[in-house]
Every structure is written in C-alpha cells, then in structure tokens.
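First comes the structure, then the notes that go with it.
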Amino acid sequence: MATRNRTTVYRKHRDACKSARAPLSLSASDSFGGPVIEMVSGSFSRSNHSSYAPLNSDDPGPSSDAFTIGMPPAWVDDSEEVTFNIQKVRDKMGELSKAHSKALMPTFGDNKGIQREVEMLIHDITDLLRNSEKRLQKLSTRGLSEESNLRKNVQRSLATDLQSLSMELRRKQSTYLKRLQQQKEGQDGIDLEFNMNGKMSRLDEEDELGGSGFDDYQTIKMKKGQHVSAEREREIQQVLGSVNDLAQIMKDLSALVIDQGTIVDRIDYNVQNVSTSVEEGFKQLQKAERTQREGPMVKCATILLILCFIMIVLLVLKNILL
Amino acid sequence: MVLVTSVRDYINRMLQDISGMKVLILDSETVSNVSIVYSQSELLQKEVFLVEMIDSISVSKESMSHLKAVYFIRPTSENIQKLRYQLAHPRFGEYHLFFSNLLKDTQIHILADSDEQEVVQQVQEYYADFVAGDPYHFTLNMASNHLYMIPAVVDPSGLQRFSDRVVDGIAAVFLALKRRPVIRYQRTSDTAKRIAQETAKLMYQHESALFDFRRTESSPLLLVIDRRDDPVTPLLNQWTYQAMVHELIGLQDNKVDLKAIGSLPKDQQVEVVLSSEQDAFFKSNMYENFGDIGMNIKRMVDDFQQVAKSNQNIQTVEDMARFVDNYPEYKKMQGNVSKHVTLVTEMSKLVEARKLMMVSQTEQDLACNGGQGAAYEAVTNLLNNESVSDIDRLRLVMLYALRYEKENPVQLMQLFNKLASRSPKYKPGLVQFLLKQAGVEKRTGDLFGNRDLLNIARNMARGLKGVENVYTQHQPLLFQTMESITRGRLRDVDYPFVGDHFQQGRPQEVVIFMVGGTTYEESRSVALQNATNSGIRFILGGSAVLNSKRFLKDLEEAQRISRSGSHMV
C-alpha cells in the first residue's frame with residue numbers, strides 16, 4: 001500500500017512562515033536571532049522527550065503560552081501501577097510453569113519444597129491480581145467529560161489484560177492438577193521405600209496404625225495410601241481455593257471488558273454515544289448554572305446588599321443634614 | 001480481502017510508531033472507514049484511549065497534554081479550517097496528521113502557518129479513503145448520490161463535487177492496491193465518461209510519479225459504469241441474507257439499526273453488527289436464500305440449547321470450573337444466536353405484512369420472463385390489492401414500464417393512472433422520469449436478454465429447464481458484464497478505452513466502479529464469481545449501497561432538481 005510523507009514539505013513551509021513572522025515580533029527578545037534559535041532548540045528537545053517528562057526548565061520561550069508537555073494527571077499513576085503489576089504477573093507465570101514441570105517430575109526425595117514454592121507463587125500471583133483489580137476499580141469515575149471517557153477506556157484495556165491473565169492461570173492450574181492426579185494414581189504399588197522418607201512427618205498416624213495389628217507391609221501400604229489421598233486432597237483444596245478467588249476476580253472484571261464482535265466494540269457507536277452524552281452533560285451543566293444563578297439564595301443576597309446600600313446612604317445623609 | 005487488509009495495515013502503521021497514550025481524531029467519513037475494519041478493543045490494545053470527532057474536539061477546553069493526538073481525516077477545506085483552529089490552540093502534547101487522500105500545497109501552507117507552537121510531528125498521506133465493507137466490495141457512502149443523474153448544465157458545481165469525490169475514492173483504492181489501471185467506461189453515460197477521463201488525467205498526468213508502480217504482466221482494468229444501465233436490480237426485493245436485511249431493514253457500515261422497526265420491545269431496540277469478518281455464522285450464510293437461512297438458524301439454536309442444557313447440569317467441582325472457563329464463549333454464542341433469531345423473525349414479520357412473497361414473484365417474472373399480457377394482468381391485480389404497500393406498487397409499475405416500455409402504450413398509460421389514483425404520495429411522473437433516465441434508448445447492456453439472439457436462446461432454455469428458486473432467479477446485468485470480461489469479449493463499441501489506453505488479452509484484476517451505487521445482490525454476484533477461480537479477481541465499488549428505498553429517494557431528488565433547473569432555464 002502506498003503512502004506519501006509530506007512532513008519535509010510541511011516543515012519547510014513552517015520554518016518559512018516562522019522566519020516571516022519573527023522579524024515582526026520585536027518584543028521581549030534581546031537579540032534579533034534570539035527567538036528563532038530558542039524556538040528551534042525548544043522543538044528539538046521536545047521531540048526527544050517521552051510523553052511524561054516535563055519540559056526543560058531552561059527553555060524560556062518568548063511567547064507567553066509556551067507549550068508544555070505537562071505532567072499527566074494523578075489517576076495515570078494508578079494505571080501505571082496496574083501495568084507494572086501485570087508485567088510482574090507475567091514473569092511469575094513463567095516461573096510457575098517451570099515450578100509445575102519440576103513438581104511433576106518423578107522425584108527421588110522430598111517433594112515438599114517444590115510444592116511449597118508452587119503454592120507461594122500461586123498465592124503471590126492471586127494477590128497481585130486482586131490488588132490490580134482493586135486499583136482498577138479506583139479508576140472508575142462518574143461524569144461525562146472527555147477525561148472520564150479516557151479513564152474508562154484505560155480501565156477497559158487493563159481489565160482485558162487482567163482477565164486473560166487470570167484465565168491463563170486457571171488453565172495452568174487445572175492442567176497441573178489433572179497431571180498430578182494421573183501421576184499419583186500411576187504411583188500405586190511402585191517404589192514404596194522411596195516415598196517412605198518423605199512421609200516421616202506423619203508420625204502420629206504411624207503410631208496409630210502401628211498398634212492395630214497389621215503387619216509391616218500392609219501398614220506401609222496403608223500409610224502410603226492415606227498419605228497420598230490426604231496430600232492430594234490438600235492440593236485439590238488449595239487449587240480450588242485459588243480457582244474461587246480467580247472466579248471472583250473474573251466476575252468483577254467481566255463487567256468492564258468489552259464483548260468482541262458486538263455493537264459495543266464498534267468505534268463509531270462509542271463515538272456517537274460519547275458525543276450525545278457529552279452534549280447531554282453540557283446541557284445539564286448549563287441548566288445547573290442557570291438555576292444557580294437565578295437561585296433563591298442569590299436573590300436574597302442581592303436584596304440584602306441593596307438594602308445595606310440604602311441604609312448607608314441614609315446614614316450619610318443623616319450625618320450631613322444634622 | 002485485500003482492501004480490508006490495506007485499510008487495517010494503514011491504521012496499524014499510523015499507530016505503531018507512536019508510543020504512549022493516544023487520542024484518535026476522525027471526521028464523519030473516516031469514522032466509517034475505520035470502524036468497519038478496526039474494533040474498539042484493538043484500538044485499546046494500541047493504547048488509543050480516546051476517540052473523538054474533529055467537530056466536537058474544540059468544544060471542551062480542558063488541556064490533555066499527556067496525550068498524543070493522531071488525526072485521520074479527509075483533506076477537505078472544512079477539515080483544514082477546523083484543524084487550523086485546533087493547531088493554533090493545541091490541547092494535546094503532539095500532533096500527528098494523517099490524511100486519507102492527496103493534499104494540495106496550499107493546504108499544507110495553511111496548516112504550517114497556523115502551527116505556531118510547532119506541535120505537528122508528521123504529516124502523511126495514507127490512502128484509506130473508502131469503506132471496505134466486504135472482501136470484494138467497497139463503497140464511498142456519498143450523501144448526495146443523486147447528482148449523477150443530473151446533466152452538467154443544470155448543476156455544474158454539484159456534478160463537479162460528485163466527480164471529485166468519486167475520483168478521489170477510486171484513486172485511493174488503486175493507491176492502496178499499488179496498481180495503475182487501464183480505464184474503460186460506458187459509452188452512453190456522460191457521468192461515467194467524465195469520471196473515467198478525470199481519473200486518467202490524475203493517474204497519468206497530474207500525479208504520474210505517485211502512481212508509477214512496478215508494472216506487471218497485465219495491467220488491471222478499471223471499468224466505470226452507470227447505475228442507469230441496470231435500474232432493475234435495485235428495485236427488486238431480495239431474498240439472500242445480507243441483501244434482504246439491507247432491503248427490509250437497512251444495513252449501514254455493517255450495522256443494523258433495529259430501532260427502525262417499531263414493533264420491538266424496548267430492550268431489544270439496539271444496533272447489531274453484521275460483519276462477515278467477525279461473525280462466522282453470517283459469513284457462511286450471507287449469500288444463502290431465506291429458506292436455507294431458516295434451517296441453519298434452527299440448527300444453530302439447537303446446538304446452543306444443548307450447550308445451555310449441559311451448563312445447567314453442574315454437579316461436580318470440575319463441572320463448575322469448566323463452566324467458568326467456557327463462560328465467555330457461551331455468552332458470545334448466546335449473543336450471536338439471539339441476534340440472528342431477532343433479525344430473521346423481524347424480516348419474516350415484514351414479509352408477511354407486506355405480502356412480499358406474492359409481490360416478489362411478479363417482480364421476478366417481470367425481470368426475467370416474457371409475456372406482456374400476463375404481466376399486465378398480474379400487475380393490475382396487485383395494484384388493486386389493498387394489502388400491497390405504496391412503495392411496492394410503485395416498484396411493480398416501474399419494473400413493468402422498464403420492460404414493456406414500447407409494447408402496448410395504452411396499457412402502460414392505464415397502469416400509470418391506476419398508480420396515481422392509488423398512491424397519491426408519489427409525485428406523478430416519477431416513473432416517466434425513470435424512463436427518461438434509464439429507458440431502453442439510454443441503456444447499453446442487454447438488460448432483459450431480449451436484444452441479441454444468443455441471449456434470447458439462453459432465456460428460452462432456462463424457461464424450459466425451470467428454475468431452482470423462483471425468488472432468486474434474477475441475475476444482475478453485472479454478471480453478464482463480468483462474463484464478457486472473463487471471456488475477453490467486452491465490446492469496445494459499448495465500453496471504449498480512455499485516451500490511448502489499450503489492453504492486450506485478459507486482465508487479471510478488475511475493479512468495477514458503478515456510478516450511482518451498487519447493491520448487495522451485485523456484491524453477492526461478484527463474490528460468487530470470484531469463488532469460481534476463473535483467474536480474474538473482481539472488486540466492486542460504488543458511490544453508495546442502494547436498496548429500493550434509497551434508489552427511489554435518489555430518483556425523487558434528481559427529479560426535483562431537474563424540475564427546478566428547467567424552470568430557471
């Protein structure tokens with residue numbers, strides 16, 4: 001597809017117009033070439049800045065309304081925080097995948113360390129997601145200005161990212177859970193001794209079973225069975241707990257996210273709605289201003305002022321005449 | 001497909017190099033160009049968090065200097081003036097200007113003059129100056145479409161404006177395709193000839209360097225034809241999904257406004273989107289006829305009910321987890337099903353109320369089969385029928401008049417009188433005006449297949465064989481034109497070349513521009529032709545997308561202007 005760049009032609013015209021204008025403005029400039037040079041340097045430094053950096057303080061600019069790329073408003077901090085969190089979540093999800101695959105590998109020893117790591121990671125990620133969601137809610141605003149529309153759109157975009165991340169997390173967890181269950185079932189009757197060492201912490205259960213007359217082999221097998229089921233249950237509970245958390249987050253987010261392919265996803269529909277609501281808002285503001293201006297309080301105040309003025313005049317007259 | 005991709009590529013390029021939060025500013029035409037190919041969620045992904053119209057941007061006074069402004073507008077004089085004001089009182093941190101067509105040097109000078117604070121970072125021309133609704137169909141959405149019917153002497157400036165806009169649109173299409181075509185036009189149409197010649201001048205003289213693309217084996221062909229050569233197609237009632245929705249309800253920029261139908265409950269009075277890109281069901285059904293659509297919708301509803309039932313049956317925790325996983329897709333499916341069911345229900349109601357099955361059968365007979373006597377009988381009966389609406393009566397008489405213009409003028413007069421007595425709303429003479437514009441002398445092509453022997457023989461064979469579906473037997477004239485091009489037999493006498501252009505052999509890419517507007521029946525014909533892989537790719541475009549209401553409105557407007565023009569003269 002063809003395009004044509006007219007920037008150079010435009011800049012040439014602009015510089016020509018500027019130099020045609022500059023000799024005419026003799027105010028507030030020391031040297032003749034001063035304003036031209038300052039403005040040129042101003043434009044250079046501006047183009048190198050990112051959008052959030054304030055303008056250099058050493059650029060005075062002879063014109064009174066020198067244009068600044070100003071500081072963004074406060075709510076942008078919230079949105080930046082959420083973006084940063086999203087990036088952290090993405091990194092942690094990568095770590096989680098690695099931890100999952102390590103945990104699923106058949107081990108010759110203590111599985112607990114890896115599992116604790118997995119738990120911690122999941123816990124961290126869910127916390128980050130919940131925090132981000134709360135911050136995101138803070139971005140909500142009522143009112144019909146352009147600014148509020150901007151905030152709503154930023155909110156929507158971040159909500160979409162958060163939702164996709166939480167869904168990815170849930171999918172990862174459910175596959176992990178499935179594979180864990182498969183693995184545990186496949187381990188029945190194989191290498192009991194290898195697992196014995198890892199189960200030493202369950203001393204109380206061992207004592208219980210040891211005294212009920214089973215022989216060694218059956219005891220070991222039963223303990224192992226109980227162990228496995230208890231542990232599996234614990235993992236399932238933990239995964240389900242995080243599933244619940246995520247479901248809650250998703251429910252809240254789904255209110256913000258746009259359904260793709262529907263009318264709400266059309267740019268022209270959104271633009272028309274904004275324009276009608278901004279118009280409505282404008283009309284409401286005008287009406288409010290009018291009622292305020294003609295309000296009873298204002299009438300009272302005017303009457304009182306007039307009376308005061310009359311009284312003062314009478315007082316002065318009285319003093320003069322007496 | 002290629003036009004949709006080009007517009008999307010243009011928009012992607014606009015946004016990708018600019019970092020940070022952006023605001024996209026459009027005008028009333030480019031908003032259609034952009035909305036039809038790009039969704040709001042995609043814009044949000046590109047960090048465009050606000051979309052405004054250039055008209056309303058000056059209303060608010062708040063300065064949002066942390067945003068960068070990306071303008072995508074047409075280079076019209078009104079837009080340049082508005083932009084001038086906005087550059088002199090800038091609200092945003094940076095300004096990136098993209099114009100959808102060629103800028104004049106004077107316009108650049110005006111803008112540069114107002115840019116005292118030097119906020120403009122770039123000025124580019126990105127030629128996405130058309131609405132790419134379907135893969136092989138584009139339109140220019142022109143409001144004053146009727147101007148093509150008015151001779152130059154009556155309203156020269158209006159015709160010039162029309163011609164300029166069309167030439168701009170066609171130039172943008174070829175710049176987006178990066179090709180320079182060989183141009184042919186319909187001999188009998190002055191407007192088509194004028195547009196063809198002005199396009200040739202632009203592409204080969206004024207902006208010859210810009211259009212100087214790598215030449216391929218065979219140049220593409222631009223064929224400029226006139227709506228008046230086939231006035232029958234926009235008058236007919238349609239029975240394939242996309243065309244039917246446009247005919248009965250109205251499809252604008254791939255959106256259907258259900259508020260137009262008064263009979264819906266309040267919560268369903270919304271707009272819905274019918275886009276073949278985003279809706280798989282619509283993509284597979286948009287060219288199917290009404291009966292088949294009904295069956296397919298029923299199948300879709302059954303599938304959906306099964307999914308819904310399995311969702312009701314949640315017993316284990318795993319079921320719950322699966323439900324939450326699949327919920328977004330479920331919601332999307334539900335929305336889609338309800339949209340199509342609503343549309344088909346409403347259209348069925350309209351068909352029933354206006355007795356369109358009966359009316360359409362006569363219409364198709366008038367358009368396709370012979371027999372003047374039987375046709376006269378049928379039209380008279382329908383005119384006498386109370387439940388036939390005024391617009392349908394008008395269409396029937398028009399179709400009859402177009403077909404049997406010269407046969408039996410007495411009966412034709414009788415029909416006119418009957419129409420005037422039954423439908424006082426329509427100004428008398430509209431049918432006559434149509435005949436003056438598009439009568440048998442004015443037409444080039446063989447609209448009713450009764451001019452040359454081959455066509456008559458073909459029609460007789462078809463009559464003997466019988467048709468599959470009485471309601472969709474009509475083939476637009478465009479189909480014959482495309483066949484002629486495919487066979488390399490488009491007659492030079494009827495469709496001459498501009499200037500000294502010449503084409504050896506068959507072109508591989510053909511853009512047909514219909515001055516006065518296209519219809520969805522014709523776009524369907526083009527899509528089906530492209531699907532046959534004949535080695536030629538056809539793209540169809542027009543100044544608007546017509547249905548019978550719009551075509552009649554254009555006729556009325558043109559008639560009004562001609563009348564007032566002739567009074568002045």
Side-chain angles (χ1 to χ4, degrees), chain A residues 1-7 9-11 13-14 16-18 21 39 42-43 47 50-52 63 65-73 76 145-147 149-150 153-154 156-157 160 167 170-171 174 240 243 247 250 254 258-271 275 278 282, chain B residues 6 9-10 19-21 31-32 34-35 38-41 43-45 49-53 56 59-60 62-66 68 90 93 103 108-109 111-113 115 117-127 175-176 178 210 253 255 270-273 278-279 317 321 324-325 331-332 335:
Chain A
M1 29 160 244
T3 62
R4 188 157 72 169
N5 193 339
R6 308 287 239 144
T7 316
V9 180
Y10 178 82
R11 285 224 180 98
H13 275 302
R14 187 166 68 185
C17 293
K18 210 173 32 183
R21 243 182 284 129
M39 273 199 242
S43 73
S47 58
S50 74
S51 62
Y52 291 137
S63 50
D65 47 339
F67 198 68
T68 60
I69 301 174
M71 292 302 286
V76 175
S145 61
E146 267 183 348
E147 181 84 14
N149 203 29
L150 181 60
N153 281 331
V154 174
R156 269 179 180 170
S157 145
T160 323
M167 283 185 61
R170 296 216 9 266
R171 233 176 292 134
S174 49
L240 287 178
V243 164
M250 265 187 64
S254 63
I258 306 176
D259 293 318
Q260 296 199 350
T262 60
I263 188 69
V264 187
D265 203 14
R266 290 273 304 215
I267 300 171
D268 42 10
Y269 177 78
N270 282 312
V271 167
S275 70
V278 167
F282 192 55
Chain B
S6 311
D9 280 344
Y10 275 132
S19 63
M21 299 212 285
V31 72
S32 302
V34 172
S35 309
Y38 223 75
S39 69
Q40 177 87 0
S41 40
L43 271 191
L44 292 180
Q45 277 178 354
F49 292 124
L50 194 57
V51 180
E52 291 275 327
M53 305 288 281
S56 55
V59 170
S60 164
E62 36 178 319
S63 155
M64 297 177 134
S65 49
H66 54 285
K68 301 186 187 178
L103 274 173
I108 300 184
H109 205 133
L111 290 176
D113 203 11
D115 187 17
Q117 303 191 21
E118 303 204 2
V119 285
V120 174
Q121 309 294 318
Q122 55 175 322
V123 177
Q124 305 259 10
E125 292 172 359
Y126 277 16
Y127 306 106
L175 284 167
K178 283 181 94 154
L210 183 60
D253 295 338
K255 281 188 305 180
V270 289
E271 295 180 72
V272 290
V273 177
Q278 294 169 344
D279 185 345
V317 179
V324 179
D325 268 336
K331 209 161 60 132
K332 198 171 167 187

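For clarity, every value in this text was computed on a predicted model and none was experimentally measured. In the text below, chain A, chain B and the rest are named by the order of the sequence lines, each starting its count at 1.
- At a threshold of 4.5 Å between non-hydrogen side-chain atoms, the residues A:Arg156 and B:Ser41 do not count as touching.
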Item to complete: Carefully, step by step, assess A:Arg4 and B:Leu175 under the rule side-chain contact (heavy atoms from CB on, under 4.5 Å).
Response: CA-CA 10 Å; A:Arg4 188 157 72 169; B:Leu175 284 167; over 6 Å; no
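- Contact of A:Arg11 with chain B is made through the side chain alone, with heavy-atom distances under 4.5 Å.
- No part of B:Asp279 comes within reach of chain A, as not one of its non-hydrogen atoms sits under 4.5 angstrom from that chain.
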Discussion item. side-chain contact (heavy atoms from CB on, under 4.5 Å) for A:Arg21 and B:Asp113? Distances and angles first, verdict last.
Written reply: CA-CA 10 Å; A:Arg21 243 182 284 129; B:Asp113 203 11; 4.2 Å; yes
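- Legend: residues meeting side-chain contact (heavy atoms from CB on, under 4.5 Å) with B:Met64, ordered by chain and number and at least two apart, are A:Glu146, A:Glu147, A:Leu150, B:Leu50, B:Glu62, B:His66, B:Leu67, B:Arg91, B:Phe92.
- In this structure, chain A has heavy atoms under 4.5 Å from both the backbone and the side chain of B:Leu111.
- Expressed to the nearest 0.5 Å, how far CD1 of A:Ile267 lies from CD of B:Gln40 amounts to 6.0 Å.
- Remark: side-chain polar atoms of A:Arg14 are paired, donor with acceptor, to backbone N or O of B:Val120 under 3.5 angstrom.
- You'll find the side chain of B:Val272 stays beyond 4.5 Å of the side chain of A:Ile263, heavy atoms only.
- For the atom pair B:Asp253 CG and A:Arg266 CZ, the distance stands at 6.0 Å (nearest 0.5 Å).
- Among B:Tyr126, B:Tyr38, B:Phe49, the residue with the largest count of heavy-atom pairs under 4.5 Å with chain A is B:Phe49.
- In terms of the side-chain contact (heavy atoms from CB on, under 4.5 Å) criterion, residue partners of A:Thr160 (sequence neighbours excluded) are, by chain and number, A:Val257.
- Nearest heavy atom pair, residue B:Met21 against residue A:Val76, reads CE-CG2, 4.0 Å.
- Note on B:Val31, B:Leu44, B:Leu103: by heavy-atom pairs under 4.5 Å with chain A, the leading option is B:Leu44.
- Only the side chain of B:Leu43 comes within contact range of chain A, with at least one heavy atom under 4.5 Å from a heavy atom of that chain.
- Using a 4.5 Å cut-off between heavy atoms, A:Arg170 touches chain B through its side chain atoms alone.
- Between the side chain of A:Tyr10 and the main chain of B:Gln121, no donor-acceptor pair closer than 3.5 Å is present.
- Residue contact with chain A, scored on non-hydrogen atoms closer than 4.5 Å, involves the backbone and the side chain of B:Gln122 alike.
- If you measure heavy-atom distances from B:Glu125 to chain A, the contacts under 4.5 Å come from both the backbone and the side chain.
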